[in-house]
Protein chains: 2
Amino acid sequence: MTTLKELAKLLNISVSTVSKALNDSHEISENTKKRVYELAEKLNYKPNRIAQQLKTNKTKTIGVILPTVTNPFFAEVLHGIETAATSSDYDIIVCLSNESLGKELRSLELLSNGSVDGFIMAVARESQVEEESGHIKSVIDNKIPVLMFDRVVNEIICDKVIVDDFQSVYEATEYLIKKEKRKNILLVSNIEELSVGKLRTKGYRKALEEANLQPNILKLDNVEDVEDKIYEYLKDNGKTDAIISIDHITGVIAINMAKKLGKSIPRDLSVIGFGYEHTHLLSSPKISIIHQKAFEIGEMSVTLLIDNLNTENHTLQTIVVPSELKFSESTI
Amino acid sequence: MTTLKELAKLLNISVSTVSKALNDSHEISENTKKRVYELAEKLNYKPNRIAQQLKTNKTKTIGVILPTVTNPFFAEVLHGIETAATSSDYDIIVCLSNESLGKELRSLELLSNGSVDGFIMAVARESQVEEESGHIKSVIDNKIPVLMFDRVVNEIICDKVIVDDFQSVYEATEYLIKKEKRKNILLVSNIEELSVGKLRTKGYRKALEEANLQPNILKLDNVEDVEDKIYEYLKDNGKTDAIISIDHITGVIAINMAKKLGKSIPRDLSVIGFGYEHTHLLSSPKISIIHQKAFEIGEMSVTLLIDNLNTENHTLQTIVVPSELKFSESTI
DNA sequence: TTGTAAGCGTTATCAC
DNA sequence: GTGATAACGCTTACAA
């Protein structure tokens, strides 16, 4: 790679002159600038990023720690993060915790050595279950800003971008009760142990309580037997007239199982699930979805973190990104 | 952040002694080492990564450029890449081209300034359509190793990790013809312009040709009207007795549409699609899938690239990762 | 307008 | 066993 030194030597001027010329300093004559530009162009000179980082003590890099990226929600958030970061001239280093506390901890530690200016993260499942967050606190204590999104830790004070988990499910449930006159609404959940899962279930319970209806919750822990479990439940509980799935997959499966049992959707059964960009394409009849604005969550996270990095008196805040209830044509 | 200098000052010894002690040099006395270790531990000293990178001229970072990450295939590849990179002590900087040539070009350029030791990439759709690859060649000419996976450019000579696109579809088609005695096999495709799409279609054609059957190809360009197009096709072509989808989404939709038309699967219609980890969960009856080993592709890519980075006489190679034909219970 | 020199935090060479 | 010094490539007072 071409360096300033090489350019300087070839042009018979000093390194600092070259540096200033390339930074378009007013100190340098137009003539010299021109000579420098041309040679730099010719030799395809690019300032060494590492050296700049060392000098300025800024990496312009964000560490992004995600539980997984095969879940479309996190994939879409990553998309938003990458887009916003790029447009602010930041790079992102991505680590996947695979829902493991240990991996999350190691990633944070490894990148806390000057590799990144700050972190954007969603807490690993294990960290939430174990209620362990000392590793995150320690990063913040070391003056490296952290932003948490979606799955957050209440005890930790930092910027947060969250979804209206409680509210969206509350409203969806209320809609089923009031508009569609449903009385036996089943909640299907495979994320009960996550902060977001708890909030969503809470929203469901609240709406039912207000209508004096009984909650029915089907907890699933193993993705592989979801089909059977739902099928059995629907067979044994013929009165079920609506299903709310609080994840992005069991809703589609519920529709398939209901069809298998000869139920007409949405006449006999309404189904609302969480979903993202293409979820609706995969079910027929179309599932109604609570659409989390994952891309926007990613974008907002970057904006907020960068503000924290660049603003002297940044005030920590929690932003709630409202979800959008998207009714399928057939349900409405 | 604590630096060597600070440790040195506090211990009243020189920076170089501290450095050597921390690197467990035999030159340093056990006693000194102990004092250094303890203070470093206490002050949570971590060697500044940027300084090390500048010194060694190695970033231990891989630039990963993906067309998108909301496609489960690329998400899973990324998972494999992250896993393998982490276990080899490499970080990854992720850029998404969003299928755009311009973005791909800018990402490559931006990271070619010493930010990464090498690249792993799948070419953007636009780059393939426009047959533009000068930007990639120029990176390689600058002595930065590039590894391409899945979507590759034949003209560029570099390490490659690819899928057996031709072979897998050829075999799947052959299976439908010979074992299931299907005669009217439809190929559904929304990736016709990609190198991988062309290869898959070729495999299909070859198998049909050998059996003296006519190809029927339904090209879809807009995800939103896939349902209607498939529905119409199946309605107008009642003799269709098998469908091969060469992407990861239209197969599931085809099953839904066939059911809507009252067809029995797999009796009236066999469906084989491309799929990944959880694809089969989303359809009922279960779709048969050509399972691309996305995670392994990611892992292999990292292994091969790192070998290139660290081996003096690395020989460029192309690795083919065979797919696995997974028949649903109901089809077999 | 240009150049000198110090410094970012680390490692490595060489002297003491 | 320990320390002084230079170097990686860049930026930036300060000097000329």
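These numbers come from a predicted model, not from an experiment. So that the names make sense, note that chain A is the first sequence line, chain B the second, and so on, each numbered from 1.
Checking B:Thr32 against A:Lys5, the closest nucleotide of DNA chain D that is more toward the 5' end is the one next to B:Thr32.
Whole-Å rounding puts the B:Asn57 CG to D:dC10 P distance at 11 Å. Atom P of nucleotide D:dC8 and atom CZ of A:Arg49 are separated by 21 Å, given to the nearest angstrom. Atom pair B:Ile50:CD1 and D:dA7:P shows a separation of 23 Å (rounding to whole Å applied). Taking atom CG on A:Leu4 and atom C1' on D:dA7, their separation rounds to 15 Å, with Å as the unit. Going from atom CG of A:Leu54 over to atom C1' of D:dA7 covers 12 Å, rounded to whole Å.
When distances run from any side-chain atom of B:Lys55 to the nucleotides D:dA6, D:dT2, D:dC10, the shortest one goes to D:dA6. Checking D:dC8, D:dC10, D:dT2 against the side-chain heavy atoms of B:Glu27 singles out D:dT2 as nearest. The listed nucleotides are D:dC10, D:dC14, D:dG3; the one nearest the side chain of A:Lys20 is D:dC14.
A salt bridge is defined here as a Lys NZ or Arg NE, NH1 or NH2 lying under 4.0 Å from an Asp or Glu carboxylate O, and B:Arg125 with B:Glu130 fails to meet this definition.
For B:Ser97 (side chain) and B:Glu99 (main-chain N/O), a donor-acceptor pair under 3.5 Å exists by modelled atom type.
Taking the 5' to 3' direction, DNA chain C first and last meets chain B under 4.0 angstrom from a heavy atom at C:dC8 to C:dC14.
Evaluation of atom-type donor-acceptor distances gives a pair under 3.5 Å for the side chain of B:Ser16 against the base of D:dA4.
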